[in-house]
Each structure stands twice: as C-alpha cells, then as structure tokens.
Amino acid sequence: MPELPEVETIRMGFEKYLVGKTIEDVEVRLPKIIQSGNIKNLVGGKIIKIRRFGKVLVLDLDYKLSLVVHIKLTGQFIYQGPDRPKESEISKKYVGNVPNRFTHVIIKLKSQNSKVKSGQTSFLYYNDIRQFGWIRVVPTDEVEKSPFIDKLGPDPIRLSSQVTLTLDNFRQILESKKTAIKVLLMDQKKIGGVGNIYANDALFLAGIDPRRPAGKLLSHEAMKLYWAIIEVLKRGLKYGGATEANYVNILGEPGGYQKHFLVYGKENQPCPNCGGKIIKTRINGRGTYFCPHCQK
DNA sequence: CTTCACGCCTGTCAGC
DNA sequence: TGCTGACAGGCGTGAA
C-alpha cells in the first residue's frame, strides 16, 4: 500500500517524465476527487518541481500554483506519452488500458523539453478504485500551511521533503507516551510517511513488540527503532515500493518489496530470524504482525 | 489530553 | 453458483 517508499517512487517518476511539460487540459470525471481549488487554473502552467511531504505529492507549476495529491489506498498515476520506454521493456501486470472505469482525472500535457519533440502530447491518468484519494489546487507559497501538510510530522527520509526526522526528534516523540509504539509510528502528525507495512517491518527489525507503550522504550531501543525505520523505508525504495493490491509506479509497473516483507502479511509463516510462527493481532483496528519470540 | 469506532469506497475471498 | 459478511488500510470526525 502506498506509504513513503511508494509515493517517493511515484515522485521520481514524475520528476523524470513530467518536469518541463505544460498542462494543456484537465478532464475531471469524478468531481469529488478535487477537494479544493479550481483545477482548470492549472491549464497553461508548466511543471517545474515535484515535492513530497510524507505520503503527499506536490507538483509545482511555474506560475505559483501547485497540485497537491494524496493517493490514500488505491490511487494510481499512469503516464502515457511518446517518451515512455517500449512496452516490451516494462511490466504491465497490474494495469490494463487507461482510461478505465476507475480513471477519475485526466491531465493532458504538452512536451516542451528536449527529450521529446516539441509539441507532442502525453497524458497523466489518475485512477482510484476506492475513491479515497484527493487532489487539491493550492498556491505554491501556501502548500506548507495547507490542510494536512500543515500538521504533518517530520519525514524519516531526506530526498525531497523539507523536514527530516532526527534521532533527538524521534526520542522526543516517544517520550512519556502511553500509546502503543506502532500506533505512534503510523501517526502522520508525529512522523510523516510511515504506514502499516513499514511500521510492522521496522518494529521487527528493531526487535520491539508493537504493543509496548512508546514512552517505555529504553534509550538504546529507541535508537535501534529509529535506524530500523530508515532501513525498511530504504529497502522499500530500493525495490520500487510494495504492491499489495494495486500500487504501481507511473509506468504501471508493480513494486517488489512485497517479496521481501519481514513480517507484514505473514501470519503463521516462519519468522525470518528464529523460524518461529509469526502471529497476527490487531492494534487500533489495524492488522499487526510480529514474532513473539524475537520482539520483546 | 487520548482512544476508539465509524464513514468513506470497492474488490476479494472465505464460508455457507 | 450466488449470496453474505469480513477485511483491506489512510485519515477525518465525533463521541467517550
């Protein structure tokens, strides 16, 4: 499911294929996806920069307007254009033809960069099966104080976001909290970008029981967990994200991290460390996987 | 202040 | 075969 590594993979795809292109037209098929602002105001703007804040993507246009997107659980961006790699070179496993019945927004782009012959058109399709995702049009200088982004905690991975989670920062977040550590890791107001998959795997890597009160972690455990979070996010990124249901990058390719899950989704399967059974429980209504032998 | 259930949606899968 | 219900998870909301 889309968490920091998946969204960052999309961001890199946008950087590669969208920067330098001009928005020629926007078609909205499901108006509720556009939560605020007038998307038609983007027409004529040139995409100059792609940013990410936690799980939120921001496309900055040259005339001080930005497209802000949260793809939530089932959002997909699919790019179709003359500068795509040959179809034989990419995996299309999860994406059929676009547009399809889940395509809610279509952005028509005009190429103006040197990679593609000037004037050629390409398309960016936004698909979202469950329609939880949202798109907002916000003036660029107001993006950081716009709803949701304004409350987002620091990001554990540098790359593109502006605030980085430091170890001191992380320790302060845990301090004297009674909340289960896993709940805290997934709280976007505390840390930006970590969701269920990476929270489960980070806690396993750090050898910490997800149910433990955050404030009760010992100093060395907090440090271990801090590095474990960064490590699992980096692994996710290395494999192009995790495809559980329908996450794909902007070419329509699935990620590969699902083949390298440590404990997530592995109920009753052997622990990669001790070989014991991984158990599944629920914390705050979320599926939680851990090895009771290795995680204390 | 925190915690927790629910709503938003639809696809998928287990069980009957 | 077809129906029903549980489940998936991000986040806002409102009640406890």
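Convention: sequence-line order gives letters A, B, ...; per-chain numbering from 1.
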**Q** Where the side chain of A:Asn200 meets the backbone of A:Asn196, is there a donor-acceptor pair that is under 3.5 Å apart?
**A** yes

**Q** Starting at CG of A:Asn284 and ending at P of C:dC11, how long is that distance when rounded to a whole Å?
**A** 14 Å

**Q** Verify the contact: side-chain N or O of A:Lys32 to OP1 or OP2 of B:dC9, cut-off strictly under 4.0 Å; return yes or no.
**A** yes

**Q** Nearest whole angstrom, please: distance from the C1' of C:dC11 to the CZ of A:Arg136.
**A** 10 Å

**Q** Starting at NZ of A:Lys189 and ending at C1' of C:dT13, how long is that distance when rounded to a whole Å?
**A** 11 Å

**Q** Of the nucleotides B:dT3, B:dC8, C:dC11, which one has an atom closest to the side chain of A:Phe148?
**A** C:dC11

**Q** Can you tell me, in whole Å, how much space there is between the C1' of B:dC1 and that of C:dG10?
**A** 23 Å

**Q** Find which nucleotide of DNA chain B each of A:Arg286 and A:Lys190 is nearest to by heavy atoms, and output the residue with the more 5' nucleotide.
**A** A:Lys190

**Q** Mind checking if A:Thr179 touches a base, just sugar-phosphate, or nothing, with heavy atoms under 4.0 Å?
**A** sugar-phosphate

**Q** Answer with base, sugar-phosphate or nothing: what part of the nucleic acid does A:Gly287 contact at a heavy-atom distance below 4.0 Å?
**A** sugar-phosphate

**Q** Taking 4.0 Å as the cut-off, does a side-chain nitrogen or oxygen of A:His70 come that near to OP1 or OP2 on C:dG10?
**A** no

**Q** For B:dC9, give its Watson-Crick or G-U wobble partner with both distances under 3.5 Å, or none.
**A** none

**Q** What's the gap between C:dC3 and B:dC8 when it is taken at their C1' atoms, as a whole Å value?
**A** 24 Å

**Q** So, taking the atom named CZ in A:Arg286 and the one named NZ in A:Lys182, what distance separates them when rounded to the nearest 0.5 Å?
**A** 7.5 Å

**Q** Ring-plane angle category for A:Tyr257 and A:His260, please: parallel below 30°, perpendicular beyond 60°, tilted otherwise.
**A** parallel

**Q** Please report, rounded to the nearest Å, how far the P atom of C:dC11 is from the NZ atom of A:Lys151.
**A** 13 Å

**Q** Given atom NZ of A:Lys55 and atom C1' of C:dG12, what is their separation to the nearest angstrom?
**A** 14 Å

**Q** A:Phe132 stacking on C:dC11: centroids under 5.5 Å, ring planes under 30°?
**A** no

**Q** Please determine whether salt bridge (charged side-chain N to carboxylate O under 4.0 Å, His left out) holds for the pair A:Asp201 and A:Arg235, giving the CA-CA distance in whole Å, both sets of side-chain angles, and the decisive distance to 0.1 Å.
**A** CA-CA 11 Å; A:Asp201 276 6; A:Arg235 286 186 198 178; over 6 Å; no

**Q** Less than 4.0 angstrom between a side-chain N/O of A:Gln131 and OP1 or OP2 of B:dT10, yes or no?
**A** yes

**Q** Find which nucleotide of DNA chain C each of A:Gly285 and A:Leu152 is nearest to by heavy atoms, and output the residue with the more 5' nucleotide.
**A** A:Gly285

**Q** In whole Å, I'd like the distance from the CD1 atom of A:Ile129 to the P atom of C:dC7.
**A** 21 Å

**Q** A:Arg101 side chain: which of B:dG11, C:dC11, C:dG10 is closest?
**A** B:dG11

**Q** Classify the nucleic acid contact of A:Asp128 as base, sugar-phosphate or nothing, counting any heavy atom under 4.0 Å across all strands shown.
**A** nothing

**Q** Report yes if at least one side-chain N or O of A:Gln188 is closer than 4.0 Å to OP1 or OP2 of C:dC11; otherwise report no.
**A** yes

**Q** To the nearest Å, give me how far apart CG (A:Asn100) and C1' (B:dT10) are.
**A** 13 Å

**Q** Tell me whether the centres of the aromatic rings in A:Phe77 and A:Phe14 are closer together than 6.0 Å.
**A** yes

**Q** For A:Lys296, does the NZ atom have more than 12 heavy-atom neighbours from other residues, nucleotides or ligands under 6.0 Å away?
**A** yes

**Q** Can you check the A:Asn246 CG to B:dT12 C1' distance for me, whole Å?
**A** 12 Å

